[in-house]
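Reading through the structure tokens given below for one structure.
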Amino acid sequence: MAKRARIDVSTRTIDPKVRGLFGEMVAQWDPLGATPEAESPEERREQSYVRKVRPQGPGQKRLVEAIGAHSLTLAMGPAGTGKTYLAVAAAVEALEDGGVARIVLSRPAVEAGENLGYLPGDLHDKLAPYLRPLYDALNDRLGARRVRQLVADGTIEIAPIAYMRGRTLNNCFVVIDEAQNCTYGQIKMLLTRLGWHSTMVLTGDPDQSDLLDGISGMADVARRLATVPGIAVVRLDEHDIVRHPLVAEMLTVL
């Protein structure tokens, strides 16, 4: 087969009616915004993840400020309001600033309306589908390679709620995700894990619980803790949704 000739675009005559997409910047442009000094494509991808996360509205701003000012924060609101993402971002920022030594992330292993049945593999493989949203938030903030390193050395721990009983979580940032799928007793157990020099954030949407009616304890716990000094209960609504605009429209009628 004949070898295809390589086209040198620098010497081609360009039709005056045709405009280049990036103009004269085509040689410097990079889709990841990486610098030429990057050593490898993988390294360039990792560099693109290092960034500050800013709240996108007044509700998210209240949540970020509450997390920074309180040892315990309950973030309640519909899907797409950034509850988990902002909580994980605050945990990463605290770790990088030296405010905590570890990050502990947990969520209940509850199936969303369907029975997955038997899952193959070891404990980590079985729990991976349930904990995937937490890994996604971490990867988006730190990059997959660094997340693997921090998980391997124990700096970041991702565990199901069933493994939290009996522990005292000192000097760490704890995020409990999907708390609407926890019973009142489970949430009480989780809250009492909080140790010295630690911060805990519970996130969830009481209107989207996958438990039977009346079993979820998040709304009751939030109501009881709203009057306790030193604890913040932040309620987000459809105006704080940062997903597709149709998500907010759907939630107003569903």
Side-chain angles (χ1 to χ4, degrees), residues 63 66-67 70-88 90-91 102-119 123-138 156-170 172-195 198-237 240 251 254:
L63 175 57
I67 293 174
H70 298 81
S71 295
L72 176 59
T73 301
L74 278 71
M76 307 173 65
T81 51
K83 305 180 299 295
T84 301
Y85 193 89
L86 290 176
V88 172
R102 294 186 302 132
I103 295 176
V104 178
L105 307 178
S106 184
R107 75 195 312 255
V110 176
E111 296 161 348
E114 58 180 332
N115 187 0
L116 298 179
Y118 173 77
L119 294 175
L123 178 63
H124 180 272
D125 296 329
K126 295 176 187 297
L127 293 174
Y130 302 103
L131 304 178
R132 187 71 255 173
L134 297 178
Y135 280 106
D136 290 341
L138 284 173
I156 295 179
E157 178 185 353
I158 304 180
I161 285 176
Y163 285 70
M164 301 293 285
R165 184 175 295 279
R167 302 183 60 182
T168 301
L169 302 174
N170 293 321
C172 62
F173 199 113
V174 187
V175 178
I176 309 297
D177 190 33
E178 296 290 327
Q180 79 274 5
N181 286 332
C182 297
T183 65
Y184 181 91
Q186 287 176 320
I187 296 179
K188 182 177 179 181
M189 179 271 292
L190 292 168
L191 295 177
T192 54
R193 301 305 97 200
L194 186 64
S198 293
T199 298
M200 179 179 289
V201 180
L202 270 75
T203 70
D205 179 8
D207 294 331
Q208 288 200 38
S209 175
D210 297 308
L211 303 178
L212 296 176
D213 292 342
I215 295 181
S216 174
M218 186 174 191
D220 191 16
V221 168
R223 178 180 58 81
R224 293 170 181 259
L225 295 182
T227 59
V228 177
I231 298 178
V233 177
V234 180
R235 301 180 186 275
L236 306 174
D237 56 31
D240 300 303
L251 290 176
L254 292 177

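Annotation: side chain of L202 is in contact with side chain of L191 (closest heavy-atom distance under 4.5 Å). Between C182 and I161 there is a side-chain heavy-atom pair separated by less than 4.5 Å. In this structure the side chain of L105 reaches within 4.5 angstrom of the side chain of L138, judged on heavy atoms. Contact check for Y184 versus R224: side-chain heavy atoms found under the 4.5 Å cut-off. You'll find the side chain of V228 stays beyond 4.5 Å of the side chain of L72, heavy atoms only.
The heavy-atom pair separating L194 from S198 by the smallest distance is CD1-CB, 3.7 Å. Of all non-hydrogen atoms in T73 and A66, the two that sit nearest each other are OG1-O, 3.5 Å. The heavy-atom pair separating K83 from M76 by the smallest distance is CD-C, 4.0 Å. The minimum heavy-atom distance between A179 and I187, with the atom names listed, is O-CD1, 3.8 Å. Annotation for V201 and A87: closest pair CG1-CB, 3.9 Å, computed over non-hydrogen atoms. Shown here for N181 and P108, the closest heavy-atom pair between the two residues is CB-CG, 3.7 Å.
Of the inter-residue distances, the one linking L63 atom CG with L86 atom CG reads 5.5 Å to the nearest 0.5 angstrom. To the nearest 0.5 angstrom, F173 atom CZ is 5.5 Å from I67 atom CD1. Distance OG1/T203 to OH/Y85: 14.5 Å, rounded to 0.5 Å. Put simply, CG on L134 and CZ on R132 are 9.5 Å apart, with the number rounded to the nearest 0.5 Å. Taken from CE in M200 to OG1 in T192, the straight-line distance is 8.0 Å, to the nearest 0.5 Å.
Judged by distance alone, with hydrogens and angles left aside, the side-chain atoms of R193 form a donor-acceptor pair with the main-chain N or O of R167 at under 3.5 Å. At least one donor-acceptor pair closer than 3.5 Å links the side chain of S106 to the backbone N or O of A159. Put simply, the side chain of T183 never gets that close to the backbone of G217: no donor and acceptor are under 3.5 Å apart.
With sequence neighbours excluded, the residues that form a side chain to side chain donor-acceptor pair (under 3.5 Å) with E178 are R107, Q180. The side chain to side chain donor-acceptor pair (under 3.5 Å) test applied to D207 returns no partner, not counting sequence neighbours. The side chain to side chain donor-acceptor pair (under 3.5 Å) test applied to R165 returns no partner, not counting sequence neighbours.
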